[in-house]
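Quick note: numbers below take in every heavy atom, side chains included, and nothing from hydrogens, waters or symmetry partners.
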Amino acid sequence: MIEFDNVSKTYANGTEALKNVSLRIEDGEFVFIVGSSGAGKSTFLKIMMREQVPNKGTVIINGFNLNKLKKKQIPMFRRTLGIVFQDFRLIQNMTVYDNVAFAMRVIGAKEKEIRKRVPYILSLVGLSSKARQKPNQLSGGEQQRVALARALVNNAGLIIADEPTGNIDPEMSYEIVDLLNHINASGTTIVMVTHEHNLVRHFHHRVITIDQGYVVSDTSDSDKLPDDYSKYEAAHPSVVSPASELTSDEERKKIVDEIVHEDIKVDENKLSSYYAPPMSDSELEDFISNYGVDVDEDTAEDDIDYSIYLDNLTEKSGGEDK
């Protein structure tokens with residue numbers, strides 16, 4: 001469960017990134033977070049991942065009160081999350097298998113458990129045959145599926161996807177969201193930030209629109225979203241600009257709400273049919289059965305210093321919302 005209660009965030013430079021945000025996302029929901037650049041989406045996610053702390057209000061996620069978390073408790077909280085970034089953040093000198101296994105190794109999982117879990121997750125995202133390849137040998141869509149597999153491998157109940165389709169082509173975008181849709185059907189909560197309204201409209205889930213720090217819309221009627229925010233921004237620059245000179249926040253919220261709910265035509269012929277159910281791959285099974293067999297999995301310490309890779313998985317963010 002995710003609960004924001006009257007949450008506001010103002011940065012040291014005076015930027016008001018979130019203003020009195022109150023919302024609740026139940027376990028098992030799929031929620032899209034949409035909004036223009038600078039609307040507050042990044043700050044919303046940073047607060048969810050406990051990279052930022054609100055100036056006002058309370059945030060509770062997976063039973064953790066994020067306002068009261070001590071520094072040593074943050075890693076424990078983040079283990080309840082699976083995070084997928086726009087830029088993949090894969091470790092380039094590791095194979096696909098090791099990139100996914102890495103997420104289990106950093107929490108101390110045994111090799112026996114890793115060899116059982118990783119092949120299943122790779123098959124779930126349709127990458128069984130790519131286990132031995134390096135990230136630079138994969139397409140953008142395949143790299144994003146590796147990132148998704150890494151987010152899934154520790155069985156997190158909540159997946160946070162930050163613009164996961166931003167660096168891949170439109171066809172692959174549908175495949176990624178369709179895969180998230182199937183993962184959600186198994187009970188995993190999905191929170192996905194995106195600019196792509198034309199993509200959101202094909203997956204009928206709850207959509208929360210953030211504009212200038214406010215939640216201006218919270219609806220399940222995704223058919224009424226604009227085509228995408230790039231068109232929205234181009235058509236209404238005075239409304240979306242951070243330097244907008246509207247007379248009041250209330251006037252701004254009213255105008256944005258009217259624009260967001262404009263009727264548009266939905267193209268029903270662009271639904272994605274992608275989904276590869278878990279499969280058996282004998283070549284992969286043979287590879288895994290011989291992977292690390294010279295290691296006593298129950299007693300041996302791993303020789304790799306995983307701390308040197310952690311920066312690849314953790315966002316180093318500045319203060320101002322992007």
Side-chain angles (χ1 to χ4, degrees), residues 1-25 29-89 103 144 147-148 150-151 156-167 180 189-196 207-216 218 229 240 242 310-322:
M1 185 268 292
I2 301 165
E3 186 170 9
F4 278 57
D5 184 12
N6 201 31
V7 170
S8 295
K9 175 63 180 178
T10 302
Y11 290 108
N13 62 3
T15 300
E16 294 182 272
L18 291 180
K19 305 171 186 176
N20 302 317
V21 172
S22 292
L23 58 85
R24 183 184 178 100
I25 298 172
E29 279 197 86
F30 191 130
V31 180
F32 290 108
I33 308 293
V34 300
S36 59
S37 299
K41 305 186 307 298
S42 294
T43 295
F44 181 81
L45 288 189
K46 288 172 186 175
I47 288 175
M48 283 187 65
M49 294 184 283
R50 194 37 172 80
E51 291 184 16
Q52 296 288 343
V53 179
N55 303 102
K56 185 180 76 171
T58 304
V59 180
I60 297 175
I61 299 178
N62 294 341
F64 291 85
N65 186 328
L66 302 197
N67 303 64
K68 298 181 179 180
L69 273 188
K70 296 178 181 178
K71 187 174 182 180
K72 65 181 180 181
Q73 295 175 309
I74 294 175
M76 184 182 302
F77 160 68
R78 288 179 178 163
R79 288 175 189 176
T80 70
L81 312 175
I83 303 172
V84 183
F85 295 103
Q86 176 179 346
D87 54 357
F88 317 142
R89 303 200 184 180
Q144 192 56 286
L148 180 54
R150 187 179 57 197
L158 168 61
I159 300 295
I160 298 172
D162 184 8
E163 298 277 7
T165 61
N167 286 336
L180 285 168
T189 306
I190 307 290
V191 176
M192 175 177 163
V193 166
T194 182
H195 275 81
E196 300 181 70
V207 184
I208 295 173
T209 304
I210 299 177
D211 184 83
Q212 293 301 292
Y214 290 106
V215 172
V216 297
D218 188 344
Y229 244 95
V240 301
L310 289 177
D311 285 346
N312 291 278
L313 305 180
T314 304
E315 183 174 14
K316 299 296 184 183
S317 55
E320 190 169 341
D321 190 38
K322 299 177 181 177

If you compare all heavy atoms of [X] against all heavy atoms of [Y], which two are closest, and at what distance to 0.1 Å?
X    : Y    : value
R50  : L66  : NE-O, 2.9 Å
T58  : V7   : O-CG2, 3.5 Å
A151 : A156 : O-CB, 4.2 Å
P164 : V193 : CD-O, 3.7 Å
F88  : A147 : O-CB, 3.8 Å

Side-chain donor/acceptor of [X] to backbone N/O of [Y], under 3.5 Å:
X   : Y   : answer
S22 : N6  : yes
T10 : E16 : no
K9  : V53 : yes

Is the closest side-chain heavy-atom distance between P54 and V59 below 4.5 Å?
->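 Yes, at least one pair of side-chain atoms sits under 4.5 Å.
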If I take atom [atom1] from residue [X] and atom [atom2] from residue [Y], how far apart are they, to the nearest 0.5 angstrom?
X   : Y    : atom1 : atom2 : answer
R78 : E51  : CZ    : CD    : 5.5 Å
K19 : Q212 : NZ    : CD    : 6.0 Å
L18 : T43  : CG    : OG1   : 5.5 Å
K46 : D162 : NZ    : CG    : 9.5 Å
N67 : N55  : CG    : CG    : 10.5 Å
L69 : F77  : CG    : CZ    : 7.0 Å

Taking only residues two or more places apart in sequence, or in another chain, which ones meet [X] in a side-chain contact (heavy atoms from CB on, under 4.5 Å)?
X    : answer
E29  : I25, E26, V31, R206
T165 : I168, S173, I176, V177, M192, T194, E196, L199
K68  : N65
L158 : I2, M48, I61, N62, L81, I160, T189, V191

With F30 via ring-ring contact (aromatic ring centres under 6.0 Å, His included) - residues at least two apart =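 F30: ring-ring contact (aromatic ring centres under 6.0 Å, His included) contacts with F32, H205.
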Give the intermediate values and the outcome of side-chain contact (heavy atoms from CB on, under 4.5 Å) for residues F64 and T80.
-> CA-CA 10 Å; F64 291 85; T80 70; 4.0 Å; yes
Can you sort out the partners of D87 under salt bridge (Lys or Arg N to Asp or Glu O under 4.0 Å), two or more places apart, ordered by chain and number?
->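 D87 satisfies salt bridge (Lys or Arg N to Asp or Glu O under 4.0 Å) with R89 only.
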